[in-house]
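These notes are about the structure you will find just below.
For clarity, every value in this text was computed on a predicted model and none was experimentally measured.
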Number of protein chains: 2
Amino acid sequence: MVQAMLQEHVSCSSCPIRHRAVCAKCDTDELERLNAIKFYKTYAAGETIAYQGDELDVVASVVSGVATLERGIEDGRMQMVGLLLPSDFIGRPGRTILNYDVTAVSDVTLCSFHRQPFEQLLIEIPHLQERLLQMAFDELDAAREWMLLLGRKTAREKIASMLISVVKRTHLPEGQSLGTATRLELPLSREAMGNFLGLTIETVSRQFTALRKDGVIELEGKRVVIIPDMDLLLAESGDDDDGGLLA
Amino acid sequence: MVQAMLQEHVSCSSCPIRHRAVCAKCDTDELERLNAIKFYKTYAAGETIAYQGDELDVVASVVSGVATLERGIEDGRMQMVGLLLPSDFIGRPGRTILNYDVTAVSDVTLCSFHRQPFEQLLIEIPHLQERLLQMAFDELDAAREWMLLLGRKTAREKIASMLISVVKRTHLPEGQSLGTATRLELPLSREAMGNFLGLTIETVSRQFTALRKDGVIELEGKRVVIIPDMDLLLAESGDDDDGGLLA
DNA sequence: CGACACTCTTGATCTGGATCAAGGAATAAA
DNA sequence: TTTATTCCTTGATCCAGATCAAGAGTGTCG
């Protein structure tokens, strides 16, 4: 499997390293050097990629699938602190100890780099570091928006905000407008959503049915949400205007 | 006043640019170039340094005092998303619109740089960018720890965690151990703490008196907290071991 | 000095979301 | 087909923290 991926991606055409995650500006030579040290790895849905406290000697970029970062307390409480979609980055240069669990929510393919050669390239290719800096600041902005959600929003607002955020991250990049009716496949289980939003699974479920009864969303099965009027949902999110969670 | 600061800091001896915040590795020449474009500005306690939505053409580093980043919703709800102590950084290269209020909690002195020349130096002095990347990742880690607090901790745990975090950030850097009894001057009002923790002012107040009655802390007036046994406080924070919020 | 404005504490009550508990629906295993 | 198993929904009840309300300091400005 991994071998197949390697063959398939020799030119890195579908790899975020090429496209967005790390080096959109790389020239051919630089891309070659990145290609030389990268390797792919896949994980099955539900699999834990790495545990809190692990020593991690790789950094990676999500190629496909959805993964989460979660921080836990020993009594079982869990808080999601990162939702990783394709092109998102895992790990940080300069630190080896991981302080949260990384879990594959769906089947996940990572494009990984051993820390040492990657950090070397970071020094030698300046715009790679620049790109990483932008990504870190983007994540920081997202985290701060998320803090507003966790600290001050009601359960209903949290659900609405999450839906908007998922729409923005999965639909907008491909150029669709926010105004049209949207069909959304949720990448997360009710439990994962609870950990995302700081709620219990029961409250998540109840808010979904409440929003459905109020005509804000429609449900197809458990994982598909249809948003007939995005402005209606936006009005439920507690954000004045754009919102921008994780945007 | 600003003039006085400029004189006083010509060699940048007390400026974080020199010490920790941006360029611990700068050689003399590089320091000169940084000095050439920096300027100091002071703000009085309570003053708003910049508003959500402002176009900001400077980045800055906190020299002295305490400032906060807060994100608000129009109905008055506020969530603090950043607590800035000396050496912390404000603003981000590559973005001009600020998406939170920056407020001086105490009297604050900033060491500021106009965006253009600063970004230029960022390109020309690679380890400056490297330093900024480390700072961004540190803030991201802090934000994630903070998200765990906001999403999953009880009011009592929140207060305890905050106290530990303030101790770590204000005492530990000067080399004191965490084991000894500690006297702590709170930089924040009850309201600011509420916004920090996602609580109301009343709940903050009640938890302080509860912790005092239980012998976990002692209070001297409203702003001074004495922690007779740090392990006791640590046990109340909900963190297994180190905690590390904002550390 | 009193009047006012803040900030903080404390009490009484309310409520949103947690907890406890019992099914339903879908998929897989036997 | 029956029997688990997993994930989700719904109901009943409870409680931590919010809200409403009333002072208590403390400082400042006339």
Side-chain angles (χ1 to χ4, degrees), chain A residues 44-47 66 68 73 75-79 103 105-106 149-162 185-214 217-225 236 238, chain B residues 44-47 68 73 75-79 103 105-106 149-163 185-214 217-225 236 238:
Chain A
E47 195 175 345
V66 179
T68 62
I73 335 190
D75 66 5
R77 283 176 284 176
M78 270 281 186
Q79 175 63 51
T103 310
V105 164
S106 64
L149 177 149
L150 290 171
R152 293 303 191 191
K153 288 190 179 178
T154 65
R156 172 179 265 241
E157 289 170 340
K158 285 177 175 182
I159 298 282
S161 300
M162 177 193 64
E185 168 110 28
L186 291 174
L188 301 176
S189 70
R190 297 288 187 267
E191 183 183 18
M193 289 189 255
N195 290 342
F196 186 111
L197 301 170
L199 296 173
T200 60
I201 188 175
E202 294 96 329
T203 299
V204 171
S205 188
R206 276 187 249 270
Q207 294 301 331
F208 265 102
T209 60
L211 285 171
R212 180 174 52 69
K213 281 180 182 158
D214 296 346
I217 59 173
E218 292 159 27
L219 295 174
E220 258 183 43
K222 289 151 199 245
R223 289 296 188 102
V224 173
V225 176
E236 297 285 357
Chain B
E47 196 175 344
T68 62
I73 335 191
D75 66 5
R77 282 177 285 176
M78 270 280 185
Q79 176 63 51
T103 310
V105 164
S106 65
L149 178 149
L150 290 172
R152 293 302 191 192
K153 288 191 179 176
T154 65
R156 173 179 266 243
E157 289 171 340
K158 285 177 176 182
I159 298 283
S161 299
M162 176 192 66
L163 291 176
E185 169 111 29
L186 292 174
L188 301 176
S189 69
R190 296 291 186 266
E191 184 183 19
M193 289 188 255
N195 289 342
F196 185 112
L197 301 170
L199 297 172
T200 60
I201 189 175
E202 294 96 328
T203 299
V204 171
S205 188
R206 274 187 251 271
Q207 294 300 331
F208 265 102
T209 60
L211 285 171
R212 181 174 54 70
K213 281 179 182 158
D214 295 345
I217 61 172
E218 292 160 27
L219 295 174
E220 260 183 41
K222 290 152 199 242
R223 289 296 187 102
V224 173
V225 177
E236 297 285 356

Rounded to the nearest 0.5 Å, what separation is found between the [atom1] atom of [X] and the [atom2] atom of [Y]?
{"X": "Thr103(B)", "Y": "Glu47(B)", "atom1": "OG1", "atom2": "CD", "answer": "10.0 Å"}
{"X": "Glu218(B)", "Y": "Leu211(B)", "atom1": "CD", "atom2": "CG", "answer": "12.5 Å"}
{"X": "Met193(B)", "Y": "Ile159(B)", "atom1": "CE", "atom2": "CD1", "answer": "7.0 Å"}
{"X": "Leu186(B)", "Y": "Leu163(B)", "atom1": "CG", "atom2": "CG", "answer": "6.5 Å"}

What integer distance in Å separates [X]:[atom1] from [N]:[atom2]?
{"X": "Met78(A)", "N": "dA18(C)", "atom1": "CE", "atom2": "C1'", "value": "19 Å"}
{"X": "Leu199(A)", "N": "dT19(C)", "atom1": "CG", "atom2": "P", "value": "11 Å"}
{"X": "Glu220(B)", "N": "dC8(C)", "atom1": "CD", "atom2": "P", "value": "17 Å"}
{"X": "Leu219(B)", "N": "dC8(C)", "atom1": "CG", "atom2": "C1'", "value": "12 Å"}
{"X": "Phe208(A)", "N": "dC7(D)", "atom1": "CZ", "atom2": "C1'", "value": "14 Å"}
{"X": "Arg190(B)", "N": "dA24(D)", "atom1": "CZ", "atom2": "P", "value": "19 Å"}
{"X": "Gln207(A)", "N": "dG17(C)", "atom1": "CD", "atom2": "C1'", "value": "9 Å"}
{"X": "Met193(A)", "N": "dC8(D)", "atom1": "CE", "atom2": "C1'", "value": "10 Å"}

Using the test side-chain hydrogen bond (donor to acceptor under 3.5 Å, both in side chains), find all partners of [X] that sit at least two apart in sequence or belong to another chain.
{"X": "Glu220(B)", "value": "Arg183(B)"}
{"X": "Gln207(B)", "value": "none"}
{"X": "Arg152(B)", "value": "Asn195(A)"}
{"X": "Ser189(A)", "value": "none"}

Partners meeting salt bridge (charged side-chain N to carboxylate O under 4.0 Å, His left out) with [X] (sequence neighbours left out):
{"X": "Arg77(B)", "result": "Glu157(A), Asp75(B)"}
{"X": "Glu191(A)", "result": "none"}
{"X": "Arg156(A)", "result": "Asp214(A), Glu236(A)"}

Practice prompt. Output all residues satisfying side-chain contact (heavy atoms from CB on, under 4.5 Å) with Ser205(B), sequence neighbours left out; order by chain, then residue number.
Written response: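 Residues passing side-chain contact (heavy atoms from CB on, under 4.5 Å) with Ser205(B): none at all.
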Discussion item. When you measure from the side chain of Ser106(A) to the backbone of Ala45(A), do you find a donor-acceptor pair of N or O atoms at a distance under 3.5 Å?
Written reply: no
Fill in: Exercise: identify the closest heavy-atom pair between Ile201(A) and Arg190(A)
CG1-CB, 3.7 Å
Worksheet item: What stems involve DNA chain C, if each pair must be Watson-Crick or G-U and both of its distances must be under 3.5 Å, with 3 or more such pairs in a row?
Response: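 So the stems come out as C:1-30 with D:1-30.
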Atom pairs, N/O to N/O, protein against nucleotides 26-29 of chain D, distance under 3.5 Å?
none

Worksheet item: Among dC8(C), dT19(C), dC8(D), which nucleotide sits nearest the side chain of Thr200(A)?
Response: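 Nearest to the side-chain atoms of Thr200(A), counting from C-beta on, is dT19(C).
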Atom pairs under 3.5 Å, N or O on each side, protein against nucleotides 10-13 of chain C: can you list them with distances?
unit_1, atom_1, unit_2, atom_2, d
dG11(C), N7, Arg206(B), NH1, 2.9
dG11(C), O6, Arg206(B), NH2, 3.2
dA12(C), N6, Arg206(B), NH2, 3.3

Item to complete: For Gly198(B), report the nucleic acid contact type (base, sugar-phosphate, nothing); a contact means any heavy atom under 4.0 Å.
Response: sugar-phosphate
Worksheet item: Checking all strands, does Arg77(A) fall into the base, sugar-phosphate, or nothing category for heavy-atom contacts under 4.0 angstrom?
Response: nothing
Fill in: Which residue lies more 5' along DNA chain C, comparing Leu188(B) with Val204(A) via nearest heavy atoms
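The residue closer to the strand's 5' end, by nearest nucleotide, is Leu188(B).
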Discussion item. Can you list, in residue-number order, the parts of residues 151-160 of chain A that come under 4.0 Å of DNA chain C, counting heavy atoms only?
Written reply: Thr154(A), Ala155(A)
